Amino acid sequence: MSEVNFNEYKNIWVFAEQRDGKLMNVALELIGEGHNLSRDLGNDAKVAALIIGAKEDVEGLEKECFEYGADMVYFVEHPLLKHFTTDAYCKVITQAIQTYKPEIILYGATHIGRDLAPRVAGRANVGLTADCTHLDVKVANYIKFANENTTLNTATLNPDDPDTKLKMTRPAFGGNLMATIVSPTSRPQMATVRPGVMQKLEPKPGATGEVIRMEADLAEEDIRIKILDIVKSTKELVSLTDADIICSGGRGLGDPSGFELIKKFADKVGGVVGSSRACVDAGWISHDHQVGQTGTTVKPKIYFACGISGAIQHLAGMQNSGCIVAINKDPDAPIFEVADYGIVGDLYKVIPEIMEAWDKAEELAK
């Protein structure tokens, strides 16, 4: 492989995934993270959102990107990009990389991001770190993070080293180890990041930046898959990543019927239903509801953990919630170690009391 001139590569790109003309929430989270990383990188590094799609769908999306921290927006517009296909998106992103040479590219670890990112990495002949939970470019900050996560090895890191390679940290071995990966010999550096892990910046209404429109060299013969029809599921969709309140159930429910109570609880408090992996594996509820390392990473304002013991894989997916309320019969359950409020008791007695208290609070608020 030929030697890469790192000086040619600059700026941080975020794949600003959109669906039907609406930006995915993870795109705004990554723009915020990219903004922070660009300031740490120095050298006038900027964060840029890469928006791909048909013109009628993506026009105007730059305003939201600028408000949430983007310095630049790259548009790639073409009728053949109206619906996502791996071939088309991969080709135009590869073209954009060859033309503009970004130093870092971040993707959301969505269904599309997980399909697209490794294909682009293969075309660009670079590595990819998947499902990251922490990103850093400063060695000193990385060592601080490592010391807070005692399973990390910091022996080879020198806090005085000026190197600013992207440190991409992800859980490994079922969450029992945090692995940090760097790409020392190739550019751009690429990572997918789970939705709900990074923090959006406070929006600045009216913020503006530079807009660059790129011509897409794309033809129908470049796309091997033809979309004949799009059929949207009629089942209820679970939006765990956007929920302010999540009520999750675990094996402590005893049987699948316990989720009827969790559903009533969620409806009462204006939340959505979550679940531990054990319940999903047992067939009590669909995978759409699973919270955890192999499910969805969430960060609601309130997280109710009902009958969940607190396996490390589950904790990895919800421990950054604003307020965690745990209900469990076992006073030694690991979930209580991360909970802001812990209730030791039978959830079938505790939850109805919480719902009753919620009704009384609403009456007083009127």
Side-chain angles (χ1 to χ4, degrees), residues 10-42 44-77 96 100 102-110 112-113 132-138 141 166 191-214 237-246 270-272 296-303 318-323:
K10 189 175 181 180
N11 297 332
I12 298 172
W13 282 15
V14 171
F15 170 58
E17 182 180 338
Q18 60 83 22
R19 298 183 189 179
D20 298 323
K22 184 179 185 303
L23 285 173
M24 299 293 289
N25 197 52
V26 67
L28 302 178
E29 294 171 355
L30 291 180
I31 288 172
E33 181 67 11
H35 174 90
N36 297 332
L37 290 171
S38 68
R39 274 51 183 175
D40 289 339
L41 272 175
D44 298 321
K46 296 179 180 180
V47 58
L50 176 62
I51 301 177
I52 299 174
K55 184 174 183 178
E56 64 270 19
D57 292 330
V58 301
E59 200 66 34
L61 292 182
E62 75 279 4
K63 297 176 183 178
E64 194 172 4
C65 293
F66 290 139
E67 288 181 353
Y68 279 90
D71 301 305
M72 309 166 64
V73 170
Y74 288 86
F75 273 110
V76 185
E77 301 163 343
Y100 296 102
E103 183 173 1
I104 295 169
I105 305 180
L106 305 178
Y107 308 78
T110 62
I112 287 177
C132 293
T133 57
H134 185 82
L135 301 171
D136 212 331
V137 292
K138 284 188 174 180
N141 285 349
L166 181 65
T192 62
V193 181
R194 286 193 172 196
V197 171
M198 302 305 178
Q199 188 71 40
K200 288 189 291 188
L201 297 179
E202 285 295 321
K204 295 181 179 179
T208 60
E210 183 181 2
V211 175
I212 298 173
R213 298 185 184 274
M214 176 184 159
L237 298 178
V238 182
S239 183
L240 291 170
T241 55
D242 298 326
D244 287 334
I245 301 176
I246 297 176
V272 299
T296 302
T297 299
V298 299
K299 192 163 47 178
K301 293 179 180 177
I302 305 176
Y303 187 87
M318 47 66 71
Q319 60 188 354
N320 291 323
S321 302
C323 178

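Not measured: the values here are computed from a predicted model. One-based numbering along the sequence shown.
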Asks: Show the nearest heavy-atom pair for residues Ile31 and Ala49, with the distance to one decimal.
Replies: CD1-CB, 4.1 Å
Asks: With a 4.5 Å limit on heavy-atom distance, are the side chains of Leu41 and Glu103 in contact?
Replies: yes
Asks: Can you check whether Thr110 reaches Phe15 side chain to side chain, under 4.5 Å on heavy atoms?
Replies: no
Asks: For Glu59 and Arg213, which heavy atoms make the closest approach, and how far apart are they?
Replies: OE2-NH2, 3.1 Å
Asks: Could you give the distance from CG (Asp57) to CG (Asp20), rounded to the nearest 0.5 Å?
Replies: 7.0 Å
Asks: Grab the two heavy atoms, one from Glu67 and one from Gly206, that are nearest each other, plus how far apart they are.
Replies: OE2-N, 3.6 Å
Asks: Measure across Ala207 and Phe66 and return the closest heavy-atom pair with its distance rounded to 0.1 Å.
Replies: O-CB, 3.3 Å
Asks: Should we count NZ of Lys299 as having more than 12 external heavy atoms under 6.0 Å?
Replies: yes
Asks: Does a side-chain heavy-atom distance below 4.5 Å link Leu37 with Leu166?
Replies: yes
Asks: Taking atom CD as the centre, does Glu202 end up with more than 12 heavy-atom neighbours from other residues, nucleotides or ligands that are less than 6.0 angstrom away?
Replies: no
Asks: Nearest 0.5 angstrom please: Leu30 CG to His35 NE2, how far?
Replies: 14.5 Å
Asks: Using side-chain heavy atoms (C-beta onward) and a distance below 4.5 Å, is Pro300 in contact with Ile245?
Replies: no
Asks: How long is the span from the CG atom in Leu28 to the CD atom in Glu64, to the nearest 0.5 Å?
Replies: 5.0 Å
Asks: Determine the minimum heavy-atom distance between Lys200 and Tyr68, stating which atoms define it.
Replies: CD-CE2, 4.0 Å
Asks: Is any side-chain heavy atom of Tyr100 less than 4.5 Å from a side-chain heavy atom of Asn11?
Replies: no
Asks: I want to check something: taking the side chain as every heavy atom from C-beta on, are Arg19 and Ile112 in contact at a cut-off of under 4.5 Å?
Replies: yes
Asks: Hey, does the side chain of Asp71 reach the backbone of Val47 with a donor-acceptor pair shorter than 3.5 angstrom?
Replies: yes
Asks: First locate atom CE of Met198, then atom CG of Asn36, and finally report the distance between them rounded to the nearest 0.5 Å.
Replies: 9.5 Å
Asks: Would a 4.5 Å heavy-atom cut-off, applied to side chains only, mark Thr241 and Val26 as touching?
Replies: no
Asks: Measure the spacing between CE of Met72 and CD1 of Ile212 and express it to the nearest 0.5 Å.
Replies: 3.5 Å
Asks: What I'd like to find out is whether the side chain of Glu33 reaches to under 4.5 Å of the side chain of Leu135, using heavy atoms alone.
Replies: yes
Asks: Which pair of heavy atoms, one from Asp44 and one from Lys10, lies closest together, and at what distance?
Replies: O-CE, 3.6 Å
Asks: What's the spacing between Ile51 CD1 and Phe75 CZ if we round to 0.5 Å?
Replies: 4.0 Å
Asks: Examine distances only and state if a side-chain atom of Glu29 and a backbone atom of Ala27 form a donor-acceptor pair shorter than 3.5 Å.
Replies: no
